[in-house]
2 protein chains.
Amino acid sequence: MNQPLARPGAGAGRREILEAAATAFTRRGYASTSMDDIADLLGATKGRIYHYYRAKADIFLDVVLTGMDELIAGIEPLATAVDVPPADRLWRMVHYHAGLMMTRHSFQRVAIQAVEMRRVGEVPARQSTLDTIINLRDRYEQYFADVIEEGTRQRVFRKVAPRVATKPLLGALNWISLWFDPERGDYASIQRLADEFADFVVGGLRLTRASEP
Amino acid sequence: MNQPLARPGAGAGRREILEAAATAFTRRGYASTSMDDIADLLGATKGRIYHYYRAKADIFLDVVLTGMDELIAGIEPLATAVDVPPADRLWRMVHYHAGLMMTRHSFQRVAIQAVEMRRVGEVPARQSTLDTIINLRDRYEQYFADVIEEGTRQRVFRKVAPRVATKPLLGALNWISLWFDPERGDYASIQRLADEFADFVVGGLRLTRASEP
DNA sequence: GTCTATATGTGGATAGAC
DNA sequence: GTCTATCCACATATAGAC
């Protein structure tokens, strides 16, 4: 039997609960998900959950922060690779984001919704936690705005306002988490879809069509 | 006093309730909205609501169908105007859709979420009603796929798969209903945003950049 | 047609056995 | 650490007065 890694604050118990909760919230939404629903997915009763979390809202916020952390941790090194030309850099960022919407569907769907839809308002949470979430989102968007801005300055992207372009661009990608059905997507088809989306989105910004087939 | 128009199935009482419900559902989500919340917005008690609607789910479905009807009713004449060049036709369709996300924010946000996010699963509804909603959505998407297909055939759009391109395109537009704050948008700024979005989205599909500034 | 009760069910959270 | 049992608040829906 494998010994679970004793990472502080992320014991095996919590991690399992978090996964189950992400799945449950994805399926039914925050308000419609009961603690019994989550417990059922664990094959346990809610007594177990309350041993690790004080309240349903706490689990939810943990799912959201985990999802956002996955996004930022993956994007940051791509966004700060200044030696990569802006169009390629954006392509990789878009590809990663699109891929995560599918490979980490449950966490991402919960996080994206919480952040953008002001669904955090549904959840009783401390103001400091809410501020943290909003700050993370703004920082994340800025990575995209920055690379778009650099691309327009170098005349490889058409002349768009970076902050305005970021909205439809991330909207198109985030939308994946809403229609994508994790039951119907193997690894290969997910990769193909992420490729198509990255080609499409970055292609829409490109000024030269030299590489167009 | 004005005599209310006696349109069958849409009396003044029902209409008022529908508007209040759309606002409430937009603010708190379906599950978190109580009948008392809706009644409060009406300055009444829930006894009034139950005089017109048998159940909360019925109101919700009415909001969804109203929103989808607004979308389709506006898009259909634009999509079937075959004398208009595909790029212009798509521009008008995109512009209308983007505008509706803002001018009819509450109904559209509820409808879009219900349809795309399988949030209909949260609501107890007859299968026939669910089928109606899915059919309306598919028909709507097809209008966009058709005009994109025509544009690619005429070589005014770059070579994309119409059905694949429809997803990010509508995703970018639908996303507006999530981040747009109806409190902070007068008519002029809404028009400007719809213009920018239509320019951006259609510009991303265009093959020639002749009209680029 | 709109109100004030109220019946009834569900779900978050706790207490305490094991 | 996980369970069962239970408390209690809240929300849907109904009954019946006005």
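As the structure is a computational prediction, the values presented were derived from the model and not from experiment. Residue numbers begin at 1 in each chain, while the letters A, B, ... track the order of the sequences.
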**Item:** Contact nearer the 5' end of DNA chain C, comparing A:Gly47 with B:Thr45
**Value:** B:Thr45

**Item:** Distance in angstrom units between A:Asp36 CG and C:dA13 C1', rounded
**Value:** 11 Å

**Item:** Atom-to-atom span, CD1 of B:Ile49 to P of C:dT4 - whole angstrom
**Value:** 13 Å

**Asked** Contact class for B:Thr33 (heavy atom, under 4.0 Å): base, sugar-phosphate, or nothing?
**Response** sugar-phosphate

**Message:** Below the 4.0 Å mark, does D:dA15 have OP1 or OP2 next to a side-chain nitrogen or oxygen of B:Tyr50?
**Reply:** no

**Message:** Taking the six-membered ring of B:Phe25 as reference, does the cationic atom of B:Arg109 (NZ for Lys, CZ for Arg) lie under 6.0 Å from its centre and within 45° of its axis?
**Reply:** no

**Asked** When all nucleic acid strands are considered with a 4.0 Å heavy-atom cut-off, which category describes B:Ser34: base, sugar-phosphate, or nothing?
**Response** sugar-phosphate

**Sub-4.5 Å side-chain heavy-atom contact between A:Leu41 and A:Arg27** = yes

**Request:** In whole angstrom, give the distance that lies between atom CZ of B:Arg48 and atom P of D:dA13.
**Result:** 19 Å

**Of the listed nucleotides D:dA13, D:dT2, C:dC3, the one nearest the side chain of B:Lys46** = D:dA13

**Request:** Determine, using ring centers only, whether A:His97 and A:Tyr143 are less than 6.0 Å apart.
**Result:** no

**Request:** Take the protein atom CE of B:Met35 and the nucleotide atom P of C:dA5, then report the distance between them rounded to whole Å.
**Result:** 19 Å

**Asked** Can you find a side-chain donor-acceptor pair between A:Ser128 and A:Asp131 that sits under 3.5 Å?
**Response** no

**Item:** Between D:dG1 (C1') and A:Tyr53 (OH): distance, integer Å
**Value:** 16 Å

